[in-house]
Amino acid sequence: MSLTRRVSTSLPQVIGFANRSFKSLRFPGQSLDSSSSPVLTHGIHVFQCPDAVGIVAKLSDCIASKGGNILGADVFVPENKRVFYSRSQFIFDPVKWPREQMDEDFNNLSKMFNAMRSVVRVPDQDPKYKIAVLASKQDHCLVDLLHGWQDGRLPVDITCVISNHDRGSNTHVIRFLERHGIPYHYLRTTKENKREGDILELVPNTDFLVLARYMQSLQILSGNFLRSYGKDVINIHHGLLPSFKGGNPSRQAFNAGVKLIGATSHFVTEELDAGPIIEQMVERVSHRDNLLSFVQKSENLEKQCLAKAIKSYCELRVLPYEGKKTVVF
């Protein structure tokens with residue numbers, strides 16, 4: 001059993017709420033209608049350190065002492081593990097608490113508690129995460145990501161799309177990419193040559209990679225690639241892991257007569273479909289479904305699951321836990 005502690009935002013003596021009208025709050029993409037109100041900006045902080053008495057108090061004091069207000073905080077301490085995880089959302093006046101000072105303050109807190117992880121993000125001030133999307137022939141996940149980026153639902157910038165499938169110039173994907181100035185790189189791959197060196201040359205300035213149904217059962221990214229890239233890679237698997245690993249999971253599930261199908265978004269590791277899970281979604285099926293309806297339902301789940309995993313990652317909701325697990329706030 002794990003112990004979850006949730007810090008209530010109804011306790012001003014703990015988190016330091018100030019008397020401030022909600023009219024003065026400004027969230028990402030939201031403007032103020034009163035020029036006399038201070039412009040408050042939204043921030044996120046995640047923290048991982050050895051468990052100790054007083055961490056929550058120091059975190060809230062760090063924010064409150066600069067005039068910030070905590071809007072929500074989640075804390076998780078696994079039973080018998082003595083590790084503390086937290087994610088705090090807060091608002092602050094960037095004039096009173098400049099970004100550089102904020103980094104220094106949280107860094108001092110990190111040193112105080114010997115933190116393994118301390119990350120702060122201010123969506124209105126920090127650059128969006130830069131990603132490259134790798135896709136093969138099936139493009140339902142790729143198309144959904146492109147439209148999510150276009151609509152602003154995904155807080156990322158897509159630097160390029162890399163594929164081992166040569167799409168024609170008149171296809172929807174190519175026309176969309178050309179219209180928005182996103183490069184498309186076709187790399188012909190084989191089982192013997194995954195073109196991993198070429199991929200690495202195309203993604204040096206990205207923050208993480210997204211595999212939108214890339215390579216499927218033919219091949220996976222090697223350990224050498226993952227070590228050379230050195231950043232996270234997020235994959236979507238069209239099955240409910242750990243069941244039905246590898247190729248054709250929809251056919252595997254159909255043949256097994258399952259009553260629930262699913263999609264799994266996970267971090268990529270050297271072992272096929274075995275990385276820490278970020279998000280899973282399921283849908284009920286029955287004996288009336290055929291393989292085609294299985295696949296159609298699965299594809300819809302894949303799009304939703306991958307988009308939610310990317311959004312959670314960008315919002316600092318995902319933390320590594322015990323090697324093969326994740327904490328998702």
Side-chain angles (χ1 to χ4, degrees), residues 27-31 42 121 123-124 126-187 199 202-203 205-216 231-239 249-250 261-268 277-283 292-318 328:
F27 298 94
Q30 205 172 22
S31 61
H42 175 256
R121 184 158 180 81
D124 280 350
D126 298 345
K128 290 183 178 180
Y129 286 104
K130 291 181 170 59
I131 69 169
V133 182
L134 283 70
S136 292
K137 184 174 183 179
Q138 290 183 304
D139 58 13
H140 56 282
C141 285
L142 171 60
V143 170
D144 186 70
L145 292 182
L146 292 174
H147 287 292
W149 165 79
Q150 181 185 38
D151 298 341
R153 289 182 283 114
L154 293 178
V156 298
D157 280 331
I158 300 176
T159 63
C160 68
V161 174
I162 302 169
S163 180
N164 53 10
H165 175 66
D166 190 12
R167 288 174 168 81
S169 59
N170 200 36
T171 60
H172 169 70
V173 168
I174 297 300
R175 292 200 306 269
F176 182 98
L177 295 176
E178 289 179 345
R179 188 163 61 248
H180 293 280
I182 300 174
Y184 181 85
H185 304 286
Y186 164 57
L187 299 177
I199 296 173
L202 295 172
V203 298
N205 299 318
T206 55
D207 295 301
F208 64 98
L209 302 181
V210 175
L211 308 188
R213 293 295 302 272
Y214 182 70
M215 294 185 176
Q216 301 180 54
K231 303 170 190 174
D232 289 322
V233 181
I234 297 176
N235 182 47
I236 183 67
H237 178 74
H238 47 307
S250 293
I261 60 170
T264 303
S265 188
H266 64 94
F267 291 113
V268 175
I277 292 172
I278 304 170
E279 181 62 55
Q280 290 185 299
M281 292 185 178
V282 297
E283 183 170 340
L292 178 61
S293 63
F294 257 56
V295 171
Q296 290 173 337
K297 290 180 178 180
S298 176
E299 289 182 353
N300 188 48
L301 288 174
E302 291 161 32
K303 294 187 291 185
Q304 297 176 60
C305 188
L306 181 57
K308 186 173 181 181
I310 293 171
K311 194 168 187 292
S312 294
Y313 184 91
C314 293
E315 292 175 349
L316 304 185
R317 296 183 182 276
V318 185
V328 181

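When all heavy atoms are compared, the tightest approach of Phe208 to Asp232 is CB-O, 3.2 Å. When all heavy atoms are compared, the tightest approach of Ile261 to Ser298 is CD1-N, 3.9 Å. Taking each heavy atom of Asn164 and Ser136 in turn, the nearest pair found is OD1-OG, 2.9 Å. In terms of heavy atoms, Ile236 sits closest to Arg213 at CG2-N, 3.7 Å. Residues Ala135 and Ser163 approach most closely at O-OG, 2.7 Å, considering heavy atoms. Nearest approach of Asp144 to Arg153, heavy atoms of both residues: O-NH2, 4.3 Å.
For the pair Arg167 (side chain) and Lys137 (backbone), a donor-acceptor distance under 3.5 Å is present. With Lys130 contributing its side chain and Thr159 its backbone, the two residues share no donor-acceptor pair below 3.5 Å.
Rounded to the nearest 0.5 Å, atoms CG (Leu177) and NE2 (His185) are 10.0 Å apart. The distance from atom NE2 of His165 to atom CG of Leu187, rounded to the nearest 0.5 Å, is 13.5 Å. The line from CH2 of Trp149 to CG of Asp157 is 7.5 Å long, rounded to the nearest 0.5 Å. Interatomic distance, Ile199 CD1 to Ile162 CD1, rounded to the nearest 0.5 Å: 6.0 Å. Atom CD of Glu279 is separated from atom CZ of Arg317 by 11.5 Å, given to the nearest 0.5 angstrom. Once rounded to the nearest 0.5 Å, the distance linking CG of Asp207 with NZ of Lys231 reads 6.0 Å.
By the 4.5 Å heavy-atom criterion applied to side chains, Pro123 and His42 are counted as neighbours. For the pair Leu145 and Ile310, the minimum side-chain heavy-atom distance is below 4.5 Å. Side chains of Ile131 and Thr206 form no contact here, defined as non-hydrogen atoms less than 4.5 Å apart.
Cys141 pairs with exactly one of Leu146, Val133, Leu306, Val210 by the side chain to side chain contact (heavy atoms under 4.5 Å, CB included) rule, that one being Leu306.
More than 12 heavy atoms of other residues, nucleotides or ligands sit less than 6.0 Å from atom NZ of Lys297.
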* Steps toward side-chain contact (heavy atoms from CB on, under 4.5 Å) verdict (Val233, Phe267) -> CA-CA 6 Å; Val233 181; Phe267 291 113; over 6 Å; no

* side-chain contact (heavy atoms from CB on, under 4.5 Å) between His172 and Arg175, intermediate numbers included -> CA-CA 5 Å; His172 169 70; Arg175 292 200 306 269; 4.3 Å; yes

* Mind running side-chain contact (heavy atoms from CB on, under 4.5 Å) on Val156 and Lys128 for me, showing each step along the way? => CA-CA 5 Å; Val156 298; Lys128 290 183 178 180; 5.6 Å; no

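Classification of the Phe176-His147 ring pair by plane angle, with boundaries at 30° and 60°, yields perpendicular.
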